[in-house]
Colleague: 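Got a structure here, written out as structure tokens. Questions coming.
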Amino acid sequence: MKRRHFLKGMAAGSAAVVSGGLWTGSIARGQTPPSCPPPPANGTPFTAGQDQRPIIQRRSISLLTTAQIAQLRSAFAKLRALPSTDNRTWVIQADMHALYCQACNNDLLHSVHGTWAFFPWHRAFIYYFERILGSLVGDLNYFRLPYWDWENLRSMPSAYLFPANTTNSLYDANRYSVIASGGALPVNDGTAARIRLLDGITDFATFGGTAKAGGACESNPHDPIHDDIGLHTSPWHDMGHLGFAARDPIFYAHHCNLDKLWNNWNALSATSTPPAYQNPTDPAFLSQRWNFYDENQKIVSISAADVLNHQTNLRYSYPTPTTSSSTQSSSSLSAASPDTAVSAPATTLAAPVVSTHAARLVYSETRPGPVIDVTYGVKMSVLQAVRDQNTVMIVLRGVTVPENQMGVFDIMSVDGSRMKYLGTLAIVGDAMRMSPLPRTVVLDATEAADDLLDTSDPARITLVPREGNGSFMLKAEDIELRLVSQP
Ligand code: C2O
């Protein structure tokens with residue numbers, strides 16, 4: 001029923017509704033899936049300078065005052081209470097996300113997941129969402145969404161959990177019980193160590209994707225955290241399925257944190273020589289344009305180019321990125337206890353120094369998972385990097401996942417009975433399954449470098465599902481090694 005409002009915004013004659021069949025068997029807990037019309041079209045284009053509000057910081061949810069939490073709750077409550085004749089309703093916002101992704105299959109080539117549209121599209125979506133919430137509480141100028149900095153706060157912020165009923169507009173019933181009761185995220189997902197590793201990626205293609213492949217941030221931390229919160233197999237819970245994910249209020253705090261991650265990555269460009277950490281300049285990237293509803297229910301459109309300078313154009317900022325100045329063992333897996341924010345003397349982040357080395361993957365018929373082949377010179381450089389306490393990064397491109405598998409996979413170095421953790425990738429409901437876009441995966445091989453480069457009996461790279469048994473072949477088109485030294 002509510003879908004009708006999308007039709008209002010569609011160009012005449014474009015009423016072809018894309019296959020409702022995609023949703024067979026994926027109706028989450030009685031929720032009505034979007035009927036998947038095309039997204040709204042022909043919106044008034046955003047122009048730089050039109051937003052003249054003050055520049056206000058988005059802050060960690062853990063730093064909001066009681067009054068700010070109350071305002072956040074009130075904003076979500078007002079959104080949920082809008083009449084179904086409104087163009088801004090809670091369900092329309094959530095469905096807007098579905099319409100642009102594989103879950104609705106509207107335009108796979110330009111999907112906002114698994115491509116370089118991932119960061120700019122979500123930034124644009126959240127910008128209009130934030131404006132709608134701000135105007136609903138009469139505070140368009142100063143209201144900004146908080147982020148859930150999972151790298152510091154290892155369990156879901158309690159404002160989203162308790163009270164665990166519908167009097168709390170931030171509550172969602174469709175969450176895993178561990179997370180829903182205040183439990184911590186799995187120890188490897190969305191950690192500070194993972195973010196440090198991602199900061200060693202100097203090029204956007206690897207970090208944020210290309211026209212045809214998703215970047216390392218999507219593989220981890222974006223996807224695993226979705227799957228950690230919502231059931232990613234039938235009957236699907238909100239965060240575990242792209243078609244429903246934005247029906248969980250935590251979605252917006254999760255994506256603000258990813259947006260902050262992108263912001264902080266770009267900020268490294270200030271300290272890098274030669275210049276790195278730059279967004280793509282390809283017109284095909286910059287000219288991507290999407291339509292949304294604004295706080296006045298009007299259809300508006302905005303391009304990737306418009307959102308790159310979020311401070312000037314979209315009027316929000318993030319706290320200056322800092323890092324703990326205590327020792328950063330490059331491969332230590334952070335196991336911060338739940339609800340404890342990391343607080344240590346902080347210094348402004350500086351870009352690491354990165355060198356790239358050729359390698360190749362060798363598959364064998366008889367063994368599950370490839371081994372890495374490098375020249376003697378590369379092997380010596382890698383082992384020296386380990387001794388120097390630098391980070392050994394593996395970049396895998398064109399990674400495809402086993403068909404019909406969903407959920408979270410740990411990528412392990414397997415050497416006989418010795419297994420070492422390299423990284424994680426996850427499949428969110430109806431994303432990779434509908435569209436086998438290859439993805440880029442970045443791993444931390446520092447601890448396992450000896451095993452992986454052992455000339456006589458090298459360790460294999462294997463995918464181990466967190467649920468269920470067995471292991472899977474990891475397939476990738478190519479591999480490269482990067483040695484990262486933190487300044
Ligand atoms: Cu568009 Cu986190 O998904």
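Computed from a prediction, not measured in an experiment: that's the story for all the values here. Order of listing sets the numbers, starting from 1, for every ligand and every atom in it. Computed over heavy atoms, backbone and side chain alike; hydrogens, waters and symmetry mates excluded.
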Colleague: Could you name all protein N, O or S atoms found under 2.8 Å from atom 2 (Cu) of ligand 1?
Modeller: H222 NE2, H226 NE2, H255 NE2

Colleague: Under the 6.0 Å and 45° cation-pi test, does R58 pair with Y316?
Modeller: yes

Colleague: Test the R123-W262 pair against the cation-pi criterion, namely NZ or CZ under 6.0 angstrom from the six-membered ring centroid and within 45° of the ring axis.
Modeller: yes

Colleague: With side chains defined as the heavy atoms from C-beta onward, is the minimum distance between L136 and L82 less than 4.5 Å?
Modeller: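 Yes, at least one pair of side-chain atoms sits under 4.5 Å.
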
Colleague: Heavy atoms, side chains only, cut-off 4.5 Å: are K212 and W116 in contact?
Modeller: no

Colleague: Given side chains that start at C-beta, do those of L422 and D444 come closer than 4.5 Å, heavy atoms only?
Modeller: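 Not touching, per the 4.5 Å side-chain cut-off.
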
Colleague: Given side chain to side chain donor-acceptor pair (under 3.5 Å), test H122 with H254 step by step and report yes or no.
Modeller: CA-CA 11 Å; H122 287 84; H254 177 43; over 6 Å; no

